Q: 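Have a look at the structure that comes next, please.
Order of the sequence lines fixes the chain letters, A, B, ..., with proteins taken first and strands second; residue numbering starts at 1 for each chain. Owing to the predicted nature of the structure, the values given are computational and were not obtained by experimental measurement.
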Amino acid sequence: MTLSVDVEATFTARGADPFTTAAAFEVKRGETAVVLGPSGSGKSLLLETVAGFHSHDGSVALDGTDLTPKAPENRRFGFVFQNYMLFPNMTVAENVRYGDRYHETTGDAAELLAELGISDLADRYPSTLSGGEKQRVALARSLYVRPDVLLLDEPLSALDVPTQTRLRQDMLDVLDGVTAVYVTHDRTTARTLADRILVMNEGRIVQRGTPDAVFDRPTSQFVAQFTGSNCVPLDTDDLRSAVDGSGNAEYLAVRPENVRLDNGSGDVTARVERVVREDAVFRVTLAVSDHRIDAYTTDPPAPGSSVGVSFEESASTLL
Amino acid sequence: MTLSVDVEATFTARGADPFTTAAAFEVKRGETAVVLGPSGSGKSLLLETVAGFHSHDGSVALDGTDLTPKAPENRRFGFVFQNYMLFPNMTVAENVRYGDRYHETTGDAAELLAELGISDLADRYPSTLSGGEKQRVALARSLYVRPDVLLLDEPLSALDVPTQTRLRQDMLDVLDGVTAVYVTHDRTTARTLADRILVMNEGRIVQRGTPDAVFDRPTSQFVAQFTGSNCVPLDTDDLRSAVDGSGNAEYLAVRPENVRLDNGSGDVTARVERVVREDAVFRVTLAVSDHRIDAYTTDPPAPGSSVGVSFEESASTLL
Amino acid sequence: NEGVFGVTIAVLGSVLLLAVGLPLAMFVARQRPSLILERALDPDVHRMLYLSVYAPLLAALVSVIFGVPLALALSRGFPGRTLVASLVDLPLVVPHSAAGIIVLFGFGRGGAFPQLTVLGTVTGMVLAMVFVSAPYAVNSAREAFEAVDDRLEYASRIHGASRFETFRRVTGPLAVRGIVTGGVLAWARSVSEFGAVAIVAYSVRFFYPPAGREVTSQHAPVFIRKAYLTGGLDQSGAVTFLLLLVSTAVFLIIR
Amino acid sequence: NEGVFGVTIAVLGSVLLLAVGLPLAMFVARQRPSLILERALDPDVHRMLYLSVYAPLLAALVSVIFGVPLALALSRGFPGRTLVASLVDLPLVVPHSAAGIIVLFGFGRGGAFPQLTVLGTVTGMVLAMVFVSAPYAVNSAREAFEAVDDRLEYASRIHGASRFETFRRVTGPLAVRGIVTGGVLAWARSVSEFGAVAIVAYSVRFFYPPAGREVTSQHAPVFIRKAYLTGGLDQSGAVTFLLLLVSTAVFLIIR
């Protein structure tokens, strides 16, 4: 099942300006495409358009069959919502089996609940569940109908951090072998789950590629910043001469983990402004001229000291 | 200004069971105490009680002066809310200067806006601002009244990840020298900002100490899991004999960054189940007997391979 | 300052409470039980109560049966929706006796259906009641439909249910409280209506099962005014008291 | 199946739309402009319109001035709040003429204030209108107050404002739309009221500024019924049409 999407849709929220989203992409059988973008970038609208909830120009096709004229119920998709959208008037088991009477072949509800670790919830009502439990039920409901394509709209973002981390891991098993489009604003989730990433901003796809390509080689300032790279203006001579031979670039994009610190030597000299412990490493904030550069290191220098900073050419990008 | 809190408050949400929160702690002048706990653990209720919004038993005192009988407006506190709570009928400047007529000494509104990088927003209305901008305005409004104590209720959690990261950094400057109680469910935020952490669960403080103490030496399974440690049941002989000489412990708590991987040797042997790229490092999920252990490494082994795993005694805790 | 504000609020609020509560209290206090009992046993009063429960029930049923589809359409939106919504709300601001005149122009002699007799009939009474009470049924159902998250309907459809199935299994069940409330409100409004009914159907001939034949009576609010004009305040007070017992029962159902 | 559902909804919804829209359309179509003009120039009609705007305005003012504090107290909660809220809602389900009887028992002869004359006075008319329309003013203001996030008030108070200051600068301004809507609703309800006014103040003596002296007239709904009884459908239709112009103006203000 290859999903081909080439759509343009306009949406007007109550009392807001009309907003247009447009995208053309393909998702190959069994692959997970992650649409990564800030809130308001149109990624949810895009996903809902693919599902058939909004009228649009262009087409949505599966293995060459045009789905555009089909109503959502005839597209054989699954959809997982940010706020779960479980039917409050049905038990967990009834929610999961909701698509039963509309599909000839379905999954095994008990097995799905067991795989997602929620077998004991079958007779409960959604209002009695935690967020993580609700989202597992919503996943089971979508998988139950054996969808051709699974669409997921920020399924983790309403959850607290430990629950997010756990479900993100389990999501890898769920998405294994499933053709999926996954929308998120969280770059960690995108990097973990994606076979391909589509970075979206202001209703347009601004970069696409494998996770490593997008994270390590951003093609614009926006993508660099949104994926967590430093994006340093090359407006001082020492910085420019250190990294940019041609002299045409305006910015240096470099990921914090690719910034090398050493004592005294290096491309430029920086002052250590701040050292903050994150989970596995230290985030060091450096001042180079007037600019801030973040670096990850396991061996942090003392705040206030001077360090040499070098940017490996292979791990940094000129924009 | 030392804030002393020793309160017990009961709160009944519409249609829910009554919920009691109780805590006794001190925050020394200029220090930031972070209350860290999952949603529903009572940390917001605790903060609102300290602010004087709810009746309670016990007392809230500042430098020995009991504030308990005082109304919120007479406590000289600042409060920053998760959802900003800017006055929609006032401009940014009017919001910031809201406390003007009730305080003899105030900050300089223009200076505060400049420091928070939002000088150009002064004449805008809140509805036209982004989340990050709104929260900066809310911060300025609270700092403007020069509060004796600044209370912050999940100020970052409604923001998207890049905005969160940026504001978390700026928050360090804001909180420098300010006596503050900061409530969050995010352990990265807690570790970044806290002088002392109070871990809260089910309306009670379950552990307190410096960030390193709380993160590296959890005293309970709950704290271990919530702060991101592996918490491995010692129910197999090889695991137990490897780490627990006395034989009394039930769990081994060890942070993913303290799990050492090497080829062949080590305390126990594990299979590599999954390798996921996170920002600076790789998260490796290991299977040891029936248990999952996460490890952070910059040099990940191949999925499916066997590795030796060792737990340094100095960096792991027996529970 | 704090106390002053609280006291001011309490005092001002109490004035309105008195304007509503005092007459109710005085009304109850000044009733004579013997007179109430006498009226409670009067067959004329029974006929009036029968008519005053039965006709509003018909009106509420009509309002719900035809109002729920309209509410569903309004909640989803269609071209001209604002106009239709305004038309539905219009009876709320039409003076009550004007509503009666309007119904007579529409369905009375020279109106849309020449075969129809509305003057002094149950049909006319129900039409007048539907005119004034349908907005309650429509608006309550509409709010209930609008309170159902669009994405719950999306979730239903993407997993295979058609529009109708989605309504039957998700939207309908979730809105059923609002629909019932709307029906009860429409009923209560019909029971209350004096102006429109007094114009269209002051006295009504209808089949009264306990007597096994047609009888003539009035809708309760009309009956009360008649009792006041012919029997004075005490007589009408006793009937009002009986009717209030019924109203209070309605009221408890609504809450 | 899809289409069938949509068509069914449209058909059923249209029936109700006809029940409301058809009489309105027929009513407008069947008016005679000459008769309307004649009535529009009649000084009797002018007096009636003056009274029918002025007395409801007084009633709405009373409902808002005393209803807003009550709404504020209700939105905050106090012991007995449920009871008070029920009392405030009670007039909504009291049949209209029963409301008149109740007001007479409370404030008429033998009532709470022996010096007060309500029968046939503007005072009585306004008291009857307040009784039936105050719930709208209170509930609309209450909903507006409840829609203001508690934590906005917290934000105001923690930064130094007292309860009163918080009300003046935050809660009040944010609720002002709901308060005004409540006042307009109360006014519209008072303009509509027939039953209670017909009982308490069928004909009213009041000071009429254009004439510079006291005159006698009726509240519009009463005037319409009188015109119907004495002049027939055409006469009352012309007056109704004039009144509907006023009602529609009110209606446009509300929306």
Q: Which atoms of A:Tyr98 are under 4.5 Å from chain C, going by heavy atoms: the side chain, the backbone, both sets, or neither?
A: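 Answer is both: backbone and side chain atoms of A:Tyr98 are under 4.5 Å from chain C.
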Q: Heavy-atom distances under 4.5 Å only: say whether A:Asp100 touches chain C with side chain, backbone, both or neither.
A: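 Neither part.
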Q: Parallel, tilted or perpendicular: which fits the ring planes of A:His54 and C:Tyr154, with parallel below 30° and perpendicular above 60°?
A: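 Perpendicular: the ring planes of A:His54 and C:Tyr154 meet at over 60°.
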Q: Mind checking whether A:Leu193 and A:Thr184 have side chains closer than 4.5 Å, heavy atoms only?
A: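 The answer is no, as the side chains (C-beta and beyond) never meet within the 4.5 Å cut-off.
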Q: Taking side chain as everything from C-beta outward and backbone as N, CA, C, O, which of these in A:Arg76 sits under 4.5 Å from a heavy atom of chain C? Side chain, backbone, both or neither.
A: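 It is neither, since no heavy atom gets under 4.5 Å.
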Q: Suppose we call two aromatic rings close when their centres sit under 6.0 Å apart. Are A:Phe53 and A:Phe79 close by that rule?
A: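 They qualify: ring centres under 6.0 Å apart.
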Q: Hey, which of A:Gly52, A:Ala51, A:Pro72 has the most heavy atom pairs under 4.5 Å with chain C?
A: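 Of the candidates given, the most pairs with chain C belong to A:Pro72.
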Q: With A:Arg141 as the cation and A:Phe87 as the aromatic partner, state whether NZ or CZ is under 6.0 Å from the six-membered ring centre and within 45° of the axis.
A: yes
Q: Under a 4.5 Å heavy-atom cut-off, does chain C meet the side chain of A:Leu86, its backbone, both or neither?
A: backbone
Q: Parallel, tilted or perpendicular: which fits the ring planes of C:Tyr208 and C:Phe206, with parallel below 30° and perpendicular above 60°?
A: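 Correct class here is perpendicular.
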